[in-house]
Every structure is written in C-alpha cells, then in structure tokens.
Amino acid sequence: MKHKDGKPINQPNKNRSLTAAITIIVLCGLSFYLGGVFKSGNSGVDVINTIQKTLDSPKQTSGSLQIRPFNFPECSSDYQDYTPCTDPKRWRKYGTYRLTLLERHCPPISERKECLVPPPPGYKPPIRWPKSRDECWYRNVPYDWINKQKSNQHWLRKEGEKFLFPGGGTMFPNGVGEYVDLMQDLIPGIKDGTVRTAIDTGCGVASWGGDLLDRGVLTISLAPRDNHEAQVQFALERGIPAILGVISTQRLPFPSNSFDMAHCSRCLIPWTEFGGIYLQEIHRILRPGGFWVLSGPPVNYERRWRGWNTTVEEQKSDYDKLQDLLTSMCFKLFNKKDDIYVWQKAKDNACYDKLARETYPPKCDDSLEPDSGWYTPLRACFVVPNEKYKKSGLTYMPKWPQRLNVAPERISIVQGSSTSSFSHDNSKWKKRVHHYKKLLPDLGTEKVRNVMDMNTAYGGFAASLINDPLWVMNVVSSYSPNTLPVVFDRGLIGTFHDWCEAFSTYPRTYDLLHADGLFTAESHRCDMKYVLLEMDRILRPGGHTIIRESSYFADAIVTIAKGMRWICHKENTEYGVEKEKIVVCQKKLWQPSNSGSR
C-alpha cells in the first residue's frame with residue numbers, strides 16, 4: 001500500500017501504533033465527510049461497523065451502504081402543520097423590525113425532529129386538478145381565519161366539508177377573471193406568449209396565479225407564514241405553485257432577471273420605506289422589459305383614499321414618492337386603468353447609463369453577485385443588468401412555448417455548459433421520463449399535480465413533462481453550479497435551496513418528489529435521514545418519490561423509507577446499468593395514534 005506520493009507505508013500488522021493513528025485519522029475524516037449518512041437513529045455502532053468495513057475493503061463504494069432498520073415515531077398532533085424554518089413557536093426569538101421573525105430561521109441540529117409529521121384528523125386524498133382550483137377538503141386545511149376575516153372579499157367560503165374558492169380578493173371582490181382580463185388588456189404580452197413567468201407577492205389564496213395558468217402564465221405565489229393562516233398551504237392544496245417567503249432583510253431565493261411580471265394586489269409591502277429596498281429587490285428579480293403590476297394603495301388614490309383610513313394629501317404624497325423611486329430605477333409607467341397600474345423595467349441599459357454617479361438609490365457595485373439568492377442580505381442599492389446578456393431581456397426572448405427548447409444565452413454563465421450540453425440534456429430527460437411513466441403510471445395523469453425536482457440542472461425533467469396536467473418546482477442547490485437562470489429563461493419556475501435544511505413549504509403539499517443523484521451529491525454535507533424525513537413532511541399521503549441514485553445508496557434509502565411507512569421498490573434505469581438504480585416509493589395515508597409525544 002502506498003501514499004499518494006508513491007512512498008510505501010508499513011502494513012497494519014507490522015506497526016500497531018501506526019495502524020491506530022491511521023484508524024483515528026480515517027474515522028475523523030470519514031465522519032466529517034459523510035456527515036452522519038451511516039447513522040441509523042439508534043446508536044453510533046453502525047457508524048463504527050461501516051467505517052471498519054471501509055478500512056478493511058477499500059473498494060466499498062462498489063457495494064452498497066447497509067444500515068440498521070429503524071421505525072420513526074409519530075410527532076405529536078400539534079405538529080400537523082409544522083414548518084421547521086418558519087415556525088411560529090420560534091418567533092419570539094427574533095425581532096419584529098422589518099418582520100425578520102417571518103424569515104427563515106431553521107432550528108439547530110440538536111432541535112431537529114426525528115418523527116413523522118401526522119396529517120390532521122379526517123384528512124382525505126386531495127381533490128384532483130382542475131376541480132381542485134375551485135374547492136378543497138376543509139379537513140385537509142382546517143383553518144378558518146381567512147374565511148371569517150375576508151368573507152366580504154370572497155377569498156373563500158366554507159360549505160359543508162369543503163372550502164370553495166370563488167376567485168375573490170381584496171382588490172377584486174367580484175372575481176379574479178374580470179381583474180386579469182383588464183390586466184391582459186393593459187399588458188398585451190400576456191396574450192401572445194411574451195409573458196410566461198410571474199411572481200405574486202402577498203398572494204392570498206393564489207387566485208391570481210390560478211387564473212393565469214389558463215392563460216399560459218406560470219406564477220410563483222409568495223406569502224409568509226403569518227396571521228393570514230395557511231395562504232401558501234391553501235394555494236398548494238388547490239394545485240397552484242406557491243412558496244413560503246417574505247421580502248424582509250434577505251434576498252428572495254431567485255437569481256436576477258428571473259420573472260417576466262411581478263404583482264402586488266394590496267400586499268401591504270411598504271415599497272418606499274427603508275430607502276426603497278423592497279422595490280429594489282423586485283427590480284433585481286424582474287428581467288429587463290418586465291412588468292411590475294400594482295393595485296391598491298397608493299394607486300388610484302383620488303377615488304380610493306376614503307376607504308384607506310387616510311387623507312388624499314397623504315396618499316398623493318405616497319404616490320409621488322413611489323413614482324420618484326420607480327423613475328430613479330429606470331421604470332416607466334407603461335399603462336393604467338382604474339385600480340391597476342403597470343410599470344415596465346428598462347428594456348436595455350441606456351437609461352442606467354444616463355443616471356448620475358451619485359444617484360439615489362445607488363447602483364450596486366461589483367462586490368455583490370446579482371444572482372446570489374440564498375441567505376444573501378438585502379442592500380440599499382439596485383442591480384443594473386449585465387449588458388453581456390442582452391437576450392435575457394423580455395423584448396429579445398423567444399415567446400412561449402418556443403423558449404422552452406431554445407438554449408438560453410445565460411447558459412454560458414454555467415461552467416462547462418454549452419448549447420450542445422443543453423440539447424443533450426433535453427434528449428436525455430425525454431428518454432428518462434418515458435421510462436419513469438412505465439414505472440409510475442400515475443405520472444402524466446390527474447393524480448399527479450404538484451411536482452418537485454429536488455436537484456435540477458437545466459429543468460430538463462420539467463420540460464419533458466410540459467404537456468402533462470402538472471407543474472414542477474425546480475430546485476437548484478445553493479452549493480451546486482447556479483443553473484437557475486437557465487431554468488427561468490426557459491419559461492419554467494424554481495428556487496434555490498439547501499437540502500441540509502427544511503424546504504419553505506407546509507406539510508403534505510407535493511404529489512411527487514424527484515431526485516437525481518441527490519444523496520451522491522450532498523451526503524458529505526447533509527444527513528440522509530433528515531433529508532428523507534423532510535421529504536416525508538412535504539409529500540402528500542398517497543404521493544410518490546422517484547429517487548435516481550447510485551447503487552451504493554439505494555438499499556439504505558429503502559431501509560430508511562420503510563421506517564417512515566413508505567412502500568418502495570428498486571428498479572433498473574432505462575439503460576439497465578448496475579451502478580445506478582431508481583427507487584420508487586409511495587407514502588401511505590395513516591391516521592395518528594394519538595400516542596406521539598415528540
């Protein structure tokens with residue numbers, strides 16, 4: 001046996017002290033590198049046994065990881081809507097300044113739950129799309145606050161065992177369809193495929209995003225976990241894309257120039273306060289030529305001010321401040337009618353070039369990466385688009401659906417990526433998805449609506465499912481090459497995330513979770529047990545996982561999954577290679593035993 005420099009070392013039976021030293025070093029190194037992958041949840045015995053096998057057999061990676069079976073207990077019933085990183089029980093630890101308590105604050109490792117989040121009593125399989133857009137089971141989302149507080153605005157209403165969604169909202173109590181019809185008249189690009197991706201800040205129950213789906217616009221509905229109980233959970237129960245989030249002190253988890261349109265319908269975000277920092281974030285994530293739509297204070301203040309408990313002078317002052325702020329960031333008023341005002345972000349850099357060097361708010365300098373969006377502090381400056389990527393502007397992009405299969409200009413940002421690698425990825429995923437549908441016949445039917453690709457590259461999995469009645473949340477690891485701009489440029493949606501932490505969603509919100517080599521990529525940082533427990537939390541009862549993974553991890557995944565009451569089977573890939581397997585699992589619906597105490 002030799003060191004990497006080629007020098008021989010003594011064999012273990014010839015030098016006990018050297019053996020002990022090597023063993024200690026390897027134990028420490030592997031324990032750090034594997035990050036607890038070998039833990040079974042009972043003791044450290046399995047860790048030692050597995051590492052000893054590694055020492056005895058250097059070719060361990062050609063086999064499979066074996067861990068001891070373990071059954072996870074149920075969490076107590078008060079964890080049925082548990083969101084670990086936005087947990088109201090932890091709010092008191094954080095300040096109310098700029099609503100920082102509503103941002104992500106994940107529990108330390110010592111406080112992580114190792115139990116199964118129970119469904120609420122009386123939980124039923126969700127109503128299927130498209131019927132789910134208009135109704136859901138009350139017992140699946142048993143929260144009455146919105147129903148009671150917003151009854152006059154027709155957000156939703158309870159009838160018997162169901163919540164019904166009439167399509168109302170604070171600024172559109174007569175129905176979202178009429179509201180979006182007017183918006184579509186103001187922004188013709190909604191009709192012809194120019195506008196494809198949108199974000200709704202302060203989304204309510206996501207009726208705006210739901211209506212836009214029929215018009216070919218894919219919207220991420222964004223709302224914090226606050227006193228408007230379960231806005232995001234209502235959205236996802238309806239089958240509408242949504243994520244927990246708030247514009248506060250951190251950037252939103254998206255790259256720059258992502259969305260074609262952003263919307264605020266009386267979302268109560270103080271756009272002009274704190275130096276306009278919240279509007280600067282909208283400017284960052286909106287692509288050049290994109291639209292910002294505002295309805296509610298202070299627009300149309302001449303007619304509306306009496307209902308806002310204010311004065312016409314105050315509202316005029318607020319509107320003037322807003323208009324000045326937008327102008328300073330090269331937005332122009334594009335169109336307006338009644339309660340809807342539309343501004344457009346500059347299509348190119350001509351306006352930015354004319355701004356004075358000492359303009360306020362200032363332009364961001366080169367020290368802050370514009371595409372960084374994971375725990376990145378907001379700064380009081382606005383990001384000027386990179387002129388090098390002119391074709392990522394809305395004016396120059398192919399219209400939907402053509403843009404789905406055109407290699408975006410920004411693929412050149414990703415090291416090692418090219419137009420040819422993009423095309424190869426497209427072809428690869430068409431073959432893979434064809435194979436997946438054989439393994440999981442529900443895929444492509446109304447039984448699978450909310451889908452997550454847990455570690456996408458270019459969004460190829462989502463693109464191959466584009467004609468099916470589903471939507472995909474494309475997740476790009478905050479530790480992997482940043483391919484999320486490519487995903488958005490294709491007309492798909494996604495977010496940054498670190499799978500060592502909980503995802504920003506409620507329990508029971510996805511029908512299918514897909515992972516491609518996730519544990520191979522992240523096992524040195526993230527404990528496999530906690531990643532799978534998080535998958536169980538966000539997966540609906542009756543939902544499925546498709547885990548494409550190295551054969552080394554496949555058996556361990558099945559063992560842990562059985563401890564979570566999943567039913568799993570291993571399958572060959574479409575190529576039948578032994579080094580890679582596909583683990584298909586289903587989460588079963590179980591009722592709480594009322595004995596959970598964790």
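Note that the numbering runs from 1 along the sequence shown for the chain.
Residues Phe274 and Tyr97 bring their aromatic ring centres within 6.0 Å.
No side-chain donor from either of Asn257 and Tyr389 sits under 3.5 Å from a side-chain acceptor of the other. Arg225 and Thr86 share no side-chain donor-acceptor pair at under 3.5 Å. In this model, a donor atom of one side chain and an acceptor atom of the other lie less than 3.5 Å apart for Tyr179 and Ser295. Under 3.5 Å, the side chains of Trp343 and Gln323 contain a donor-acceptor pair of N or O atoms. Donor-acceptor pairing under 3.5 Å is recorded for the side chains of Ser417 and Tyr458.
A heavy-atom distance below 4.5 Å is found between the side chains of Leu368 and Arg251. Side chains of Val472 and Leu492 form no contact here, defined as non-hydrogen atoms less than 4.5 Å apart. Side-chain contact between Ser328 and Pro361 is present, with at least one heavy-atom pair separated by less than 4.5 Å. Counting heavy atoms from C-beta outward, Gln233 and Cys136 have side chains that stay 4.5 Å or more apart. Looking at Met473 and Thr505, their side chains never come closer than 4.5 Å, going by heavy atoms from C-beta outward. For the pair Leu286/Phe291, no side-chain contact is recorded, criterion being any heavy-atom separation below 4.5 Å from C-beta on. Between Ser477 and His497, the closest side-chain pair of non-hydrogen atoms is not below 4.5 Å. No side-chain heavy atom of Ser258 sits under 4.5 Å from any side-chain heavy atom of Thr197.
Salt-bridge annotation for Asp87 and Lys113: absent, with no side-chain N of the basic residue lying under 4.0 Å from a carboxylate O of the acidic one. A salt bridge links Arg215 to Asp181: one of the charged nitrogens lies within less than 4.0 Å of a carboxylate oxygen. With respect to the salt-bridge test (charged N to carboxylate O, under 4.0 angstrom), the residues Asp144 and Lys158 do not qualify. Salt-bridge formation is not detected for the pair Lys345/Asp260: no Lys NZ or Arg NE/NH1/NH2 atom is positioned less than 4.0 Å from an Asp or Glu carboxylate oxygen. Salt bridge annotation for Arg537-Glu534: present, with a cationic side-chain nitrogen under 4.0 angstrom from a carboxylate oxygen. A salt bridge does not link Asp185 to Lys337: none of the charged side-chain nitrogens sits closer than 4.0 Å to a carboxylate oxygen.
Of all heavy-atom pairs spanning Ala198 and Val217, the tightest one is CB-CG1, 4.0 Å. Between Pro297 and Gln315, the closest heavy-atom pair is CB-OE1, 3.9 Å. Here the closest heavy-atom approach between residue Glu237 and residue Ser132 is recorded as O-CB, 4.1 Å. When every heavy atom of Asn474 is checked against every heavy atom of Ala462, the shortest pair comes out as OD1-CB, 3.6 Å. Closest non-hydrogen pair, Phe172 versus Ser265, comes out as CE2-OG, 3.8 Å. The nearest pair of heavy atoms linking Trp471 to Ile493 is CE3-CD1, 4.3 Å.
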Practice task
Show your working on side-chain contact (heavy atoms from CB on, under 4.5 Å) between Ile247 and Leu378 and close with a plain yes or no.
Solution key: CA-CA 9 Å; Ile247 308 179; Leu378 283 179; 4.2 Å; yes
Practice task
Dump the intermediate steps for salt bridge (charged side-chain N to carboxylate O under 4.0 Å, His left out) on Arg525 and Asp498, then the final yes or no.
Solution key: CA-CA 10 Å; Arg525 298 191 311 108; Asp498 177 2; 2.8 Å; yes
Problem - Step-by-step side-chain contact (heavy atoms from CB on, under 4.5 Å) determination, Met329 to Ile282 - result: CA-CA 11 Å; Met329 293 188 290; Ile282 294 297; over 6 Å; no
Practice task
Take Leu212 and Val180 through the test side-chain contact (heavy atoms from CB on, under 4.5 Å) and record every step on the way to the result.
Solution key: CA-CA 8 Å; Leu212 282 169; Val180 178; 3.8 Å; yes
Practice task
Check the pair Phe503, Val475 against side-chain contact (heavy atoms from CB on, under 4.5 Å), reporting the backbone distance first and the verdict last.
Solution key: CA-CA 10 Å; Phe503 192 76; Val475 179; 4.0 Å; yes
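Checking side-chain atoms of Asp81 against main-chain N and O of Tyr506 turns up no donor-acceptor pair under 3.5 Å. Side chain of Gln344 to backbone of Gly289: a donor-acceptor contact under 3.5 angstrom is found. Glu273 places no side-chain N or O within donor-acceptor distance of the main-chain N or O of Arg98, the cut-off being under 3.5 Å. Put simply, the side chain of Arg449 never gets that close to the backbone of Trp129: no donor and acceptor are under 3.5 Å apart. Between the side chain of Ser372 and the backbone N or O of Glu369, no donor-acceptor pair lies under 3.5 Å. Between the side chain of Arg196 and the backbone N or O of Gly216 there is at least one donor-acceptor pair closer than 3.5 Å. Panel note: side chain Glu135, backbone Leu164; no donor-acceptor pair is recorded below 3.5 Å. The closest donor-acceptor contact from the side chain of Arg284 to the backbone of Pro370 lies under 3.5 Å. With hydrogens and angles ignored, the 3.5 Å screen pairs a side-chain donor or acceptor of Arg508 with a backbone N or O of Gln80. A donor-acceptor pair under 3.5 Å is formed between the side chain of Trp499 and the backbone N or O of Met454.
Distance check: Leu325 CG to Leu279 CG gives 5.0 Å after rounding to the nearest 0.5 Å. Between Leu294 atom CG and Asp339 atom CG the span is 10.0 Å, to the nearest 0.5 Å. One distance of note links CG of Leu404 with CD1 of Ile466; it measures 5.5 Å at 0.5 Å rounding. With rounding to the nearest 0.5 angstrom, the CD atom of Glu522 is 6.0 Å from the SG atom of Cys500. Taking CZ from Arg238 and OG from Ser207, the interatomic distance works out to 4.0 Å, rounded to the nearest 0.5 Å. The distance from the CZ atom of Arg379 to the OG1 atom of Thr249 is 14.5 Å, given to the nearest 0.5 Å.
The number of heavy atoms from other shown groups lying within 6.0 Å of CD (Gln415) does not exceed 12. The number of heavy atoms from other shown groups lying within 6.0 Å of NZ (Lys363) is above 12.
The only option from Arg287, Arg403, Lys391 that meets the salt bridge (charged side-chain N to carboxylate O under 4.0 Å, His left out) definition with Asp489 turns out to be Arg287. His283 pairs with exactly one of Trp271, Tyr352, Phe259 by the ring-ring contact (aromatic ring centres under 6.0 Å, His included) rule, that one being Tyr352. Shown are Tyr143, Phe234, Trp137; of these, the ring-ring contact (aromatic ring centres under 6.0 Å, His included) with Phe163 is made only by Phe234.
Note that Lys89 lies in the cation-pi zone of Tyr79, set by a 6.0 Å cut-off to the ring centre and a 45° limit from the axis.
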